[in-house]
Amino acid sequence: MKNIIIDLIKESLYKINKNDDIAIDNIEVSLCKNKKFGDFSSNVAMKYASQNNENPRDFAKKIINAIEDNNNIIKIEIAGPGFINFFISKKTQFSIVDKILEDKNEYGKNNSGENSKILIEFVSANPTGPLHVGHGRGAAFGDCLSNLLSENGCEVVKEYYVNDAGKQIDILTLSVLQRYHELINSDDKFSYEGLYKGDYVWDIAAEIHRNYKLDYFIEDLKKHINNSIDLYIFNIKNILSVNKFLKIKEISVEYILKDIKKTLSISGIDYNSWFLESSLISDNSLENIIDHLDKNNHTYNKEGALWFKSKELGDEKDRVLIKENKDHTYLSTDIAYHNNKIARNFNKVINIWGADHHGYVSRINGAFNIFSNGKSELIILLVQFANLYRGDEKVSMSTRSGDFVTLEQLVKEVGKDATRFFYLARKSDQHMDFDIELAKSNDSNNPVYYIQYAHARICSIFRQLDENKMHFDYNKNYLDLLVEEEEISIIKKLYSYPDIIINSSSKYEPHLLTNYMRELAQEIHSYYNKYQVLIENEKLRNARLALIKSAKYVFENSSKIIGINMPEKM
RNA sequence: GCGCCUGUAGCUCAUCUGGAUAGAGCAUCGGAUUUCUAAUCCGAGGGUAAUAGGUUCGAGUCCUAUCAGGCGCACCA
């Protein structure tokens, strides 16, 4: 419908303006907020009046006069400063119910993203511990965004980048070895700052001890301590042998990854691809990339380290690629990683990062542009933190100290549906408060239940229908009988669903969809309370059934994108 | 100190990329079930959109400054 109006306006503008000096590819038509203004409205007249040396209302009048008759439209008005308001015939409005009943679970899908191949990388938390609630928001956001993009016809690959190389993993390995040491020789306990302390470190150590007994035991571990953690790691690698150290590293990473995958799985998230940082080293990608940067004058040596000239690419300062001790930095593998993404021929590469990484954006953007040559677009979306509350009490967290609520605990406590919905219900660049008590509550405080209940009520009506030995006989012509204000309002809401899908996807804002679902639920509840669906009048009954049935499809389709269930009974 | 994000009802947040009278939920108060699930509905009060300027037909939305909060400024990832 909207497109019909846009076309009408376009034609009209062509007629008025033969020399065509108005940019008319961007005509805005939107649903009216207030129904007294009509059904659709456009601001073209106001927008382009000045270009045409006219006042908006006069220009609007001209446009309207030039619009051809169309039997979908019953009235066109000028209002306010120069809005053009369109009143749509009832029949045309009802046709959306017909369309939804035909499209069913396809309603909302579109092909605006056809031929667009997108890589979306999210969470990518270091495998140095379980996912915690801070990761949850990025997880829900990335997964929902993937669903949205797919709904728009994009080909989407969801990827998790596993940082299984580098210093943090060495520290994890060291942490495990120390616990393992303590398990074997409980008299020889000592503390060392900066190691990972969570219970899971003990679990890994215990597993190694169970399977390998004393194979990795180091006598007098204490003797090899060094104040510098780098040197401490260096010593242990030497004494234990690099291979044995690697083995412990592998076991630890594997253990933690298994845990991470389990958490993601109960959160309803599955990835298409797990990309290992270590693979960039073993297949020489890292080396090649450094070479390439070297040859193209993007690097220099200083103080024994190799530096990346990121400042000239928009960064605050230059960054180290290869440290003085010849270890690579995180940045250097990350550049190789992004080059790999480019090589895989994606039109868009989306990274979802925690907002604490914003300082990292410009350097990776700079590096990306060196390699992509405009072939592929990098989009970095920052997700703000979520503060966890239990009622009024703030829950504090710190990974290193091991004092945190894991994502698994959260999902188990409040459920997958509420967890996902709450994470998604806010604009991602907004700080948010996540109240566990609220998410757990099953009354009107909780929008998840509110929405599910609306859906369950629709299902209930159809159950009643069966029990009363009645049938849903759909007939398009009965739709004319839907004359109540609430019914028209629901129809408009249903009509706007595909726009929400396009909008929330192109703006990367899933919260538009959660808002929409709540609004639709509200309309359904109001309607349910005011009007009876299962009534004597057969034609009206079937018209109403058709209406709520199409609402049910929209609940189903949207909930699938959000990743929550829609129970038939509650 | 520099950079990024944010500031809307008592609280949590929307506002469809600049549009018409800034909207929801919670909380508060008052109502609604012999009828498809009251996990619901209806109504009421509640606002100088942090502050001050600017841009234009029109600003919560864009620009500047100030104030307040969060985050970042590693040869960590």
Side-chain angles (χ1 to χ4, degrees), chain A residues 28 30-34 36-37 41 43 46-47 49-50 55-57 79-83 85 124-126 128 163 165-169 171 230 277 302-307 316-317 319-331 333-334 354-362 382 384-385 387 392 425-427 429-433 435 438 441-447 449-450 452-454 456-465 467-468 496 499-500 503-504 506-507 509 511-512 514-516 518-519 521-522 524-535 544 548 569-570:
Chain A
E28 285 175 50
S30 56
L31 276 170
C32 288
K33 276 183 210 164
N34 189 328
K36 83 174 182 208
F37 293 129
S41 100
N43 59 2
M46 292 181 290
K47 236 178 164 173
S50 60
N55 90 47
R57 286 189 69 107
F83 286 104
N85 293 333
S124 297
N126 287 346
T128 52
N163 299 123
K167 186 168 165 179
Q168 293 304 326
I169 293 297
I171 294 174
D230 286 335
E277 181 187 8
K302 194 178 90 183
E303 293 158 3
L306 182 70
W307 293 72
E316 289 169 14
K317 51 180 170 184
R319 308 286 172 177
V320 169
L321 289 171
I322 304 291
K323 302 182 211 174
E324 198 180 355
N325 69 3
K326 301 304 163 208
D327 279 347
H328 65 269
T329 59
Y330 177 80
L331 174 65
T333 39
D334 213 16
D356 53 334
H357 284 67
H358 65 75
Y360 197 78
V361 172
S362 55
L382 299 175
Q384 284 292 342
F385 293 145
N387 293 315
D392 289 333
R426 306 276 174 258
K427 214 166 162 179
D429 60 4
Q430 278 277 4
H431 300 266
M432 71 173 277
D433 293 336
D435 184 350
L438 181 63
S441 69
N442 45 359
D443 53 28
S444 59
N445 291 348
N446 190 334
Y449 284 93
Y450 185 83
Q452 289 176 330
Y453 188 38
R457 276 179 148 177
I458 294 175
C459 296
S460 167
I461 291 174
F462 279 94
R463 272 198 305 276
Q464 289 284 323
L465 185 74
E467 281 164 25
N468 295 337
S496 66
D499 270 355
I500 297 288
N503 250 322
S504 52
S506 62
K507 292 166 76 174
E509 292 182 354
H511 76 281
L512 296 174
T514 55
N515 284 348
Y516 173 87
R518 199 186 194 289
E519 286 161 12
Q522 185 165 30
I524 293 296
H525 282 308
S526 292
Y527 183 56
Y528 183 95
N529 264 276
K530 195 162 173 186
Y531 299 99
Q532 190 83 7
V533 173
L534 300 181
I535 47 172
R544 288 183 171 172
I548 61 169
K569 247 184 207 175
M570 287 174 76

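Chain naming here is simple, since letters A, B, ... match the order of the sequence lines and numbering starts at 1 in each. Everything numeric in this text was worked out from a predicted model, so none of it was measured.
Among the heavy atoms of the strands, none lies under 4.0 Å from D230(A). Contact annotation for S362(A): no contact, since no heavy-atom pair falls under 4.0 Å across all strands. Across all strands, A355(A) comes closer than 4.0 Å only to sugar-phosphate atoms, never to a base (heavy-atom distances).
Here rA74(B) presents its C1' atom at 7 Å from NZ of K317(A), a figure rounded to the nearest Å. Taking atom CG of residue L331(A) and atom P of nucleotide rC73(B), one finds them 14 Å apart after rounding to whole Å. Rounded to whole Å, the distance from NE2 on H525(A) to P on rG43(B) is 16 Å. Rounded to whole Å, the distance from OH on Y450(A) to C1' on rA24(B) is 10 Å. Taking atom CG on N43(A) and atom P on rG18(B), their separation rounds to 11 Å, with Å as the unit. The nearest whole Å value for the distance from the CZ atom in R319(A) to the P atom in rA77(B) is 13 Å.
Base pairing in RNA chain B yields stems of at least 3 consecutive Watson-Crick or G-U pairs, both distances under 3.5 Å, namely B:1-7 with B:67-73, B:10-13 with B:23-26, B:28-32 with B:40-44, B:50-54 with B:62-66.
N126(A) places no side-chain N or O within donor-acceptor distance of the main-chain N or O of T128(A), the cut-off being under 3.5 Å.
Listed by chain and number, the residues in a side-chain contact (heavy atoms from CB on, under 4.5 Å) with S496(A) are L31(A), Y516(A) (sequence neighbours excluded). With sequence neighbours excluded, the residues satisfying salt bridge (charged side-chain N to carboxylate O under 4.0 Å, His left out) with R319(A) are D315(A). Judged as a salt bridge (charged side-chain N to carboxylate O under 4.0 Å, His left out), and not counting sequence neighbours, D435(A) has no contacts. Under the ring-ring contact (aromatic ring centres under 6.0 Å, His included) criterion, H511(A) pairs with no residue at all, not counting sequence neighbours. For the salt bridge (charged side-chain N to carboxylate O under 4.0 Å, His left out) test, residues two or more places apart in sequence or in another chain that qualify with D230(A) are K167(A). With sequence neighbours excluded, the residues that form a ring-ring contact (aromatic ring centres under 6.0 Å, His included) with Y330(A) are Y360(A). Residues satisfying the side-chain contact (heavy atoms from CB on, under 4.5 Å) test with C32(A), not counting sequence neighbours, are F37(A), S41(A), N85(A). A425(A) pairs by the side-chain contact (heavy atoms from CB on, under 4.5 Å) definition with F421(A), T514(A), not counting sequence neighbours.
In terms of position on RNA chain B, the residue among I169(A) and E316(A) whose nearest nucleotide sits closer to the 5' end is E316(A).
Contact check, S526(A) against rC42(B): a side-chain N or O comes under 4.0 Å of OP1 or OP2. Between Q384(A) and rU6(B) there is no side-chain N or O to OP1 or OP2 distance below 4.0 Å. For rG3(B), the OP1/OP2 oxygens have no side-chain nitrogen or oxygen of Y360(A) closer than 4.0 Å.
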Write down the protein N/O and nucleotide N/O pairs, taken from nucleotides 32-38 of chain B, whose separation is under 3.5 Å; answer none if there are no such pairs.
{"from": "rU35(B)", "atom 1": "O2'", "to": "Q532(A)", "atom 2": "NE2", "distance (Å)": "3.4"}
{"from": "rC36(B)", "atom 1": "O2", "to": "V533(A)", "atom 2": "N", "distance (Å)": "3.4"}
{"from": "rC36(B)", "atom 1": "O2", "to": "L534(A)", "atom 2": "N", "distance (Å)": "3.2"}
{"from": "rC36(B)", "atom 1": "N3", "to": "V533(A)", "atom 2": "N", "distance (Å)": "3.0"}
{"from": "rC36(B)", "atom 1": "N4", "to": "Y528(A)", "atom 2": "O", "distance (Å)": "2.5"}
{"from": "rC36(B)", "atom 1": "N4", "to": "Y531(A)", "atom 2": "O", "distance (Å)": "2.4"}
{"from": "rU37(B)", "atom 1": "OP1", "to": "S460(A)", "atom 2": "OG", "distance (Å)": "2.0"}
{"from": "rU37(B)", "atom 1": "OP2", "to": "S460(A)", "atom 2": "OG", "distance (Å)": "3.2"}
{"from": "rU37(B)", "atom 1": "O5'", "to": "Y528(A)", "atom 2": "OH", "distance (Å)": "3.3"}
{"from": "rU37(B)", "atom 1": "O2'", "to": "Y453(A)", "atom 2": "OH", "distance (Å)": "2.0"}
{"from": "rU37(B)", "atom 1": "N3", "to": "M570(A)", "atom 2": "O", "distance (Å)": "3.2"}
{"from": "rU37(B)", "atom 1": "O4", "to": "M570(A)", "atom 2": "N", "distance (Å)": "2.8"}
{"from": "rA38(B)", "atom 1": "OP2", "to": "R457(A)", "atom 2": "NH2", "distance (Å)": "2.8"}

Taking only N/O atoms, report every protein-nucleotides 55-57 of chain B pair under 3.5 Å with atom names and distance.
none

Determine, for nucleotides 7-14 of chain B in 5'-to-3' order, which nucleotides have protein heavy atoms under 4.0 Å from the base (write B), from only the sugar-phosphate (write S), or from neither (write -).
S----SSS

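Classified by its glycosidic torsion, rU33(B) falls in the syn category, the angle being within 90° of 0. In rU48(B) the base sits anti relative to the sugar, since the glycosidic angle is further than 90° from 0.
Nucleotides rA20(B) and rC62(B), compared at atom P, are 16 Å apart to the nearest Å. Rounded to whole Å, the C1' atom of rA44(B) lies 14 Å from the corresponding atom of rA27(B).
Ring-centre distance between Y453(A) and Y449(A): not below the 6.0 Å cut-off.
Aromatic stacking is marked for F37(A) over rA20(B), as both cut-offs hold: 5.5 Å for the centres and 30° for the planes.
Looking at every heavy atom in both residues, Y450(A) comes nearest to Q522(A) through OH-CA, 3.1 Å.
Nearest nucleotide to the E277(A) side chain, out of rA77(B), rC75(B), rG19(B): rA77(B).
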